[in-house]
Amino acid sequence: MAILKGSSASMKGAGRTSTIKGSRRRGIGLHLSLIIGLLLSVFPFYWAVIMSTHSSTEIFSYPPKLLPGSHFLENVRHLFDNVDFFGSMFNSLLVACSVTVLVLFFDSLAAFVFAKFQFPGRRVLFALMMVIFMVPAQLQAIPQFVIMAKLGWIGSMTALIVPAAANAFGIFWMRQYMKSAIHDELIDASKLDGAGFLRQYWHVALPVVRPGLAFLGIFTFMGQWNDYAWPLIALTNPDNVTLQVALSQLNGVHGTTDYGMVMTGALLALIPLLIVFAIGAKQIIADLGKGAIR
């Protein structure tokens, strides 16, 4: 019996050891996969940095150069000489920030109504909004341009800000978020305390859905910052062009394309996006952590 107990104990110990080794192998494999995925994700950004420090001749040399060069300041000087970089960046910041603030307000307000209030025609209106959501943006360009022309807004920033002040995706996203994040008991308690609709929205709904607002803000800002087609159509005034339209003018300057200068402009244009993403991601993580503690 003692021999049998000893053998069974040794078998259990061997089984635990093999289980631990198997979990370690899986952990190592998972970490290697994550590291490879991280390197693949970071390499395009690294390559953009490398290209912005070389001249066009060096960019197309073989073998390709994988280390930084010495032409970054020269590329920056050529960039500032060919386009009004800071002026167009200010225009992009004005449009992106204005649209983001308006979208966060109007979309969250409409989503709060759809998520927590019953009214006649609610389902019909929501279905109509989803149909609008599925319409490609290219089909909206011509009628939108006609409307902006009749209002006299073509060539001004208003033609970019007002049409984008609310969108179907933001309403849909915030509605789905509010349905699960805001409990009906909170709304009922605020009604018993005498809170009206706007106080319920401002003091009850918004503090709960800040992670959803942070994501929507990042998504909206990035979309407006990278938008090229509609600003190219609507901004007929050269002084009001956004950064993406200005950078597109670098292609074919003086009959040739200075890819070092182009990549320098693209790299500098990424800086506001990285800042907004860092702030928004920090807000999301902080609010999720507070929610977990509660």
Side-chain angles (χ1 to χ4, degrees), residues 93-135 137 140 144 147-148 151 153 156-225 227 276-294:
L93 284 173
L94 176 63
V95 172
C97 292
S98 301
V99 170
T100 301
V101 172
L102 292 174
V103 164
L104 290 179
F105 175 69
F106 288 119
D107 286 10
S108 61
L109 189 64
F112 182 54
V113 174
F114 276 119
K116 293 300 173 181
F117 291 90
Q118 300 290 334
F119 57 91
R122 181 171 69 100
R123 294 185 178 180
V124 175
L125 287 175
F126 187 75
L128 180 61
M129 186 196 68
M130 294 306 298
V131 171
I132 297 174
F133 176 43
M134 292 183 287
V135 175
Q140 304 175 17
Q144 190 167 287
I147 294 173
M148 295 298 105
L151 293 174
W153 291 349
S156 66
M157 297 296 180
T158 311
L160 303 183
I161 297 174
V162 174
N167 57 72
F169 169 77
I171 298 174
F172 172 76
W173 160 253
M174 291 306 303
R175 172 187 177 269
Q176 299 303 111
Y177 195 93
M178 288 180 175
K179 285 184 67 176
S180 59
I182 303 175
H183 298 288
D184 294 334
E185 290 80 3
L186 289 174
I187 305 298
D188 296 336
S190 63
K191 290 179 181 178
L192 292 176
D193 291 338
F197 170 74
L198 289 179
R199 288 190 63 187
Q200 294 173 22
Y201 164 74
W202 190 260
H203 294 288
V204 178
L206 289 188
V208 177
V209 299
R210 281 191 298 181
L213 289 173
F215 168 78
L216 181 60
I218 295 173
F219 183 83
T220 303
F221 187 92
M222 293 179 65
Q224 290 299 315
W225 184 266
D227 191 14
V276 170
F277 181 80
I279 296 173
K282 183 178 180 180
Q283 180 69 34
I284 292 174
I285 294 172
D287 287 335
L288 289 178
K290 291 178 182 178
I293 293 174
R294 294 194 192 103

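Please read all numbers here as calculations on a predicted model, not as lab measurements.
The minimum heavy-atom distance linking V209 with A181 is given by the pair CG1-CB, 4.3 Å. When all heavy atoms are compared, the tightest approach of A214 to G280 is CB-O, 3.9 Å. Residue G170 comes nearest to L216 through the heavy atom pair CA-CD1, 3.7 Å, listed as atom of the first residue, atom of the second, then distance. In this structure, V95 and M157 approach most closely via the heavy-atom pair CG2-SD, 3.5 Å.
The CG atom of L206 lies 8.0 Å from the CE atom of M174; values are rounded to the nearest 0.5 Å. With values rounded to the nearest 0.5 angstrom, L94 atom CG is found 11.5 Å from Q224 atom CD. Here the straight-line distance linking atom CD1 of I132 with atom CE of M130 works out to 10.5 Å at 0.5 Å rounding.
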Cut-off 3.5 Å, no hydrogens considered: what does the side-chain donor-acceptor table look like for residues 100-127, sequence neighbours left out?
from	atom 1	to	atom 2	distance (Å)
T100	OG1	A96	O	2.6
D107	OD1	N167	N	3.3
S108	OG	L104	O	2.4
S108	OG	F105	O	3.0
S108	OG	Y201	OH	2.7
K116	NZ	I182	O	2.5
K116	NZ	D184	OD1	3.1
Q118	OE1	R122	NE	3.4
Q118	OE1	R122	NH2	3.2
R122	NH1	F114	O	2.9

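Applying the side-chain contact (heavy atoms from CB on, under 4.5 Å) criterion to I147, with sequence neighbours excluded, gives L151. Taking A195 as the reference, S190, R199, Q200 meet the side-chain contact (heavy atoms from CB on, under 4.5 Å) condition, with sequence neighbours excluded. Residues passing the side-chain contact (heavy atoms from CB on, under 4.5 Å) test with V162 are W153, T158, sequence neighbours excluded. For F221, the ring-ring contact (aromatic ring centres under 6.0 Å, His included) test picks out W225, with sequence neighbours left out.
At least one side-chain heavy atom of W173 sits under 4.5 Å from a side-chain heavy atom of F215.
Surrounding CE of M129 are more than 12 heavy atoms belonging to other residues, nucleotides or ligands, all under 6.0 Å away.
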* How far apart are the C-alpha atoms of V276 and M222, what are their side-chain angles, what is the distance that settles it, and do they pass the side-chain contact (heavy atoms from CB on, under 4.5 Å) test? -> CA-CA 9 Å; V276 170; M222 293 179 65; 5.8 Å; no

Handout entry: Intermediate values then yes/no, side-chain contact (heavy atoms from CB on, under 4.5 Å), F219 and F169
Key = CA-CA 10 Å; F219 183 83; F169 169 77; 3.6 Å; yes

